[in-house]
Amino acid sequence: MTTRRIAVISAGLSNPSSTRMLADRLSTETVKALAARDIDATVDVIELRDYAHDITNNLLTGFAPAALETAVNTVVSADALIAVTPIFSTSYSGLFKSFIDVLDPDSLTGKPVLIGANAGTARHSLAIDYAIRPLFAYLHADAVSTGVFAASSDWGGAGDDVAPLARRVEKGARELADAIAQRDAATVADPFDPSTYLGEGRSFGHMLGGLAGE
């Protein structure tokens, strides 16, 4: 059985962070939903605040430091992505967007994504659909239909009684697990394998032969 890999990016700035709390609940429920489908899964969590300086340097120089490159490779090679950001000024955080800007525009094509967001008030809940979802649509990622928003009240006793946070988390996780189960496991390309950049079944001989007119 092939183990599926889930990358989680959390853009919270504080420690502890309600953004990370939401990310952990989403990943835990997704692993549980996959286990119910007899699919094993591992989770790699990336705290973006740990890479804030590297992200800025990459945007300024065009080169990713080794630690950031590893984080990017973790995200783009995963079978699915859980992306959680705090809401600032009715949209995703600058740190979250800056990390997305570091990624190759085609690197998330077709990748299942579960979107999460948190803010102090439920008035910002629509930010998932009018700000974050269009971002992943532009990147051609396959965001599941349920986005999970958590307001400060959801962590206490005054949360939504009609659709409690736990129920929303379970629904989003179930949809992501379904999307993962419908796809073949991701494979990590060997950068030293000529087929990675020359095409399957081709070699340097084919390239040289083509250049020579053979």
Side chain proximity check, Asn15 to Arg49, heavy atoms < 4.5 angstrom: yes
pair Leu139-Ile100: side-chain heavy atoms closer than 4.5 Å: yes
Closest non-hydrogen atom pair, [X] against [Y]:
X: Val75; Y: Ala7; value: CA-CB, 3.9 Å
X: Glu175; Y: Ser145; value: OE1-OG, 3.0 Å
X: Gly120; Y: Ser152; value: CA-OG, 3.3 Å
X: Leu165; Y: Ala150; value: CD1-CB, 4.0 Å
X: Ala117; Y: Leu22; value: O-CD2, 3.5 Å
X: Asp54; Y: Leu68; value: O-CD2, 3.6 Å

Within 6.0 Å of OH in Tyr130, more than 12 heavy atoms from elsewhere: yes
Over 12 foreign heavy atoms within 6.0 Å of CG, Asp104: yes
According to a hydrophobic-cluster definition based on side-chain heavy atoms being under 4.5 Å apart (Ile, Leu, Val, Met, Phe, Trp, Tyr only), do [X] and [Y] belong together?
X: Ile46; Y: Phe136; value: yes
X: Ile115; Y: Val76; value: yes
X: Leu114; Y: Val169; value: yes
X: Leu13; Y: Val84; value: no
X: Leu135; Y: Ile55; value: yes

Pair Arg25-Val148, side-chain contact (heavy atoms from CB on, under 4.5 Å): steps then yes or no: CA-CA 11 Å; Arg25 290 188 65 170; Val148 181; over 6 Å; no
Give, for atom [atom1] of [X] and atom [atom2] of [Y], the distance between the pair rounded to the nearest 0.5 Å.
X: Thr90; Y: Leu126; atom1: OG1; atom2: CG; answer: 10.5 Å
X: Leu34; Y: Asp79; atom1: CG; atom2: CG; answer: 9.5 Å
X: Ile9; Y: Tyr51; atom1: CD1; atom2: OH; answer: 12.0 Å
X: Thr74; Y: Asp44; atom1: OG1; atom2: CG; answer: 5.5 Å
X: Thr146; Y: Arg168; atom1: OG1; atom2: CZ; answer: 10.5 Å
X: Thr30; Y: Arg4; atom1: OG1; atom2: CZ; answer: 13.5 Å

Salt bridge present between Asp101 and Lys97 (N-O < 4.0 angstrom): yes
Test log, rule salt bridge (charged side-chain N to carboxylate O under 4.0 Å, His left out), inputs Arg167 and Glu170: CA-CA 5 Å; Arg167 188 184 305 169; Glu170 291 173 2; over 6 Å; no
Ser93: partners by side chain to side chain contact (heavy atoms under 4.5 Å, CB included), with sequence neighbours left out: Ala11, Thr85, Pro86, Phe88, Leu95, Phe96
Pairing residues for Tyr138 by the side chain to side chain contact (heavy atoms under 4.5 Å, CB included) criterion, not counting sequence neighbours: none
Distance-only donor-acceptor check, side chains Asn118 and Ser18, under 3.5 Å: yes
Reference residue Val8; test side-chain contact (heavy atoms from CB on, under 4.5 Å); the match among Val45, Leu26, Asp24: Val45
Results of side chain to side chain donor-acceptor pair (under 3.5 Å) for Asp142 - residues two or more places apart only: Arg183
Main-chain N/O of Ala78 paired with Lys111 side-chain donor or acceptor, under 3.5 Å: yes
